[in-house]
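The shown structure was predicted, so the numbers you read here are calculated from the model rather than taken from an experiment. Computed over heavy atoms, backbone and side chain alike; hydrogens, waters and symmetry mates excluded.
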Amino acid sequence: MSRTPYETFPGHLAELRELGDAAGVTPDGAAWLASAGTYPRSTLAFWEERPDAPVVLPCGTVFDVVNAPAIFGRRMLDRLWDEGPGSGPVAVFRGRMLLFAAPGTAARLPSLLDWEEWGGRSGAVPPLLCHGTGDAVTVPAPAPRAAPAAAPAGTRWLVAPDTRHPWLPGPEILLWAAVRAARPTVRISIFPPADQDAKVYDVSRRR
């Protein structure tokens with residue numbers, strides 16, 4: 001039985017527009033998102049008046065974002081939840097998947113993909129846009145839209161933030177998810193062998 005907390009959807013970009021939010025953002029989740037901006041109170045006040053309005057927030061301090069093609073992003077998300085430690089918040093934006101990640105991921109992940117020869121010319125992993133320090137992303141509205149199909153260019157949450165301190169995957173975990181999404185038959189692990197006295201990822205942090 002799948003333990004994915006997000007909506008599953010067909011592999012057609014047009015049908016992505018018909019998805020509603022898996023869940024609305026909680027007040028704690030909204031506070032976490034707002035903390036990324038220069039004026040968190042102003043952002044929260046704006047959302048109190050316009051809970052269905054997206055906003056643009058900077059990356060690099062509270063979170064980074066890995067921006068993947070929608071179908072490939074869905075495969076990464078499936079791998080994270082079916083075989084890995086879960087994911088942080090995840091959104092859909094104009095047919096692409098936004099995976100919220102730990103700060104510093106945007107600077108590290110591209111080099112890891114190149115080092116492992118999974119990105120670049122190999123083409124095994126499609127181009128992933130990594131947003132970090134100096135970048136900004138459009139953050140979906142906290143409240144689900146009543147009619148998401150009416151806003152095809154809008155954004156929506158697949159895994160909405162619900163705490164002030166959500167767990168966020170780092171570059172190594174997202175590298176693992178990207179490789180598994182690209183080559184399902186390749187067996188690599190983000191967990192140490194059982195005979196090592198190394199710290200494994202705490203599965204209690206799964207959302």
Side-chain angles (χ1 to χ4, degrees), residues 4-7 9 16 19 21-38 40 43-44 47 53-70 72-82 84-110 112-113 125 127-144 154-178 180-181 190 201-203 205-207:
T4 54
Y6 55 90
E7 296 186 20
F9 49 88
L16 284 174
L19 286 175
D21 299 274
V25 178
T26 65
D28 282 347
W32 172 72
L33 289 169
S35 70
T38 305
T43 300
L44 291 174
W47 270 335
V55 300
V56 177
L57 291 175
C59 302
T61 302
V62 174
F63 54 75
D64 282 1
V65 171
V66 174
N67 182 332
F72 188 77
R74 181 199 57 167
R75 292 171 182 163
M76 289 180 63
L77 193 58
D78 286 345
R79 299 287 75 75
L80 285 167
W81 281 99
D82 290 344
S87 74
V90 180
V92 169
F93 176 67
R94 294 182 179 176
R96 292 184 68 88
M97 189 83 76
L98 306 182
L99 296 100
F100 285 67
T105 297
R108 181 67 175 147
L109 182 58
L112 288 176
L113 286 167
V125 173
L128 302 178
L129 306 179
C130 297
H131 306 295
T133 302
D135 300 324
V137 294
T138 299
V139 174
T155 64
R156 56 191 63 86
W157 291 105
L158 296 184
V159 181
D162 58 4
T163 174
R164 289 178 180 266
H165 303 286
W167 178 77
L168 300 172
E172 293 81 7
I173 294 176
L174 291 177
L175 170 68
W176 170 85
R180 291 289 292 119
I190 55 174
Y201 293 101
D202 183 3
V203 296
R205 295 181 300 186
R206 291 178 177 142
R207 294 175 53 78

Nearest atoms (heavy-atom pairs only) where Ala70 meets Gly95: CB-O, 2.9 Å

Measuring only between side-chain heavy atoms, which start at C-beta, is Trp167 closer than 4.5 Å to Pro85? yes

I want to check something: taking the side chain as every heavy atom from C-beta on, are Thr26 and Thr163 in contact at a cut-off of under 4.5 Å? no

For Gly132 and Cys59, which heavy atoms make the closest approach, and how far apart are they? O-CB, 3.4 Å

Less than 4.5 Å apart, any side-chain heavy atom of Trp47 and any of Val55? yes

Working to the nearest 0.5 Å, report the span between OG1 of Thr38 and CG of Leu57. 9.5 Å

Hey, are the side chains of Phe72 and Leu128 touching, using non-hydrogen atoms and a 4.5 Å cut-off? yes

What pair of heavy atoms forms the shortest contact from Pro58 to Gly37, and how long is it? CD-CA, 3.9 Å

Heavy-atom closest pair, residues Met97 and Val92: SD-CG2, 4.2 Å

Any Pro89 side-chain heavy atom under 4.5 Å of Trp32 side chain: yes

Hey, does Leu98 have a side-chain heavy atom less than 4.5 Å from the side chain of Trp157? no

4.5 Å side-chain heavy-atom contact, Leu77 and Ser87: yes

Could you tell me whether a side-chain N or O of Asp64 sits under 3.5 Å from a main-chain N or O of Ala106, the two making a donor and an acceptor? yes

Between the CG atom in Leu129 and the CG atom in Leu109, the distance rounded to the nearest 0.5 Å is 11.0 Å

Please report the C-alpha distance between Leu168 and Thr105 in whole Å, then the side-chain angles of each, then the deciding distance to 0.1 Å, and finally whether the side-chain contact (heavy atoms from CB on, under 4.5 Å) criterion is met. CA-CA 10 Å; Leu168 300 172; Thr105 297; over 6 Å; no

Keeping the roles fixed (side chain from Arg96, backbone from Asn67), state whether a donor-acceptor pair exists under 3.5 Å. yes

Step by step, work out the side-chain contact (heavy atoms from CB on, under 4.5 Å) result for Leu33 and Val62. CA-CA 8 Å; Leu33 289 169; Val62 174; over 6 Å; no

Does the side chain of Leu113 come within less than 4.5 Å of Leu175's, by heavy atoms? yes

Check the pair Val137 / Phe63 against side-chain contact (heavy atoms from CB on, under 4.5 Å), numbers first and verdict last. CA-CA 11 Å; Val137 294; Phe63 54 75; 4.2 Å; yes

Locate the shortest heavy-atom distance separating Thr61 from Pro103; write the atom from each residue and the value. O-CG, 3.2 Å

Considering all heavy atoms of both residues, which atom of Pro127 and which atom of Pro69 are nearest to each other, and what is their separation? O-CD, 3.7 Å

Once rounded to the nearest 0.5 Å, what's the spacing between atom CD1 of Ile173 and atom CE of Met76? 11.0 Å

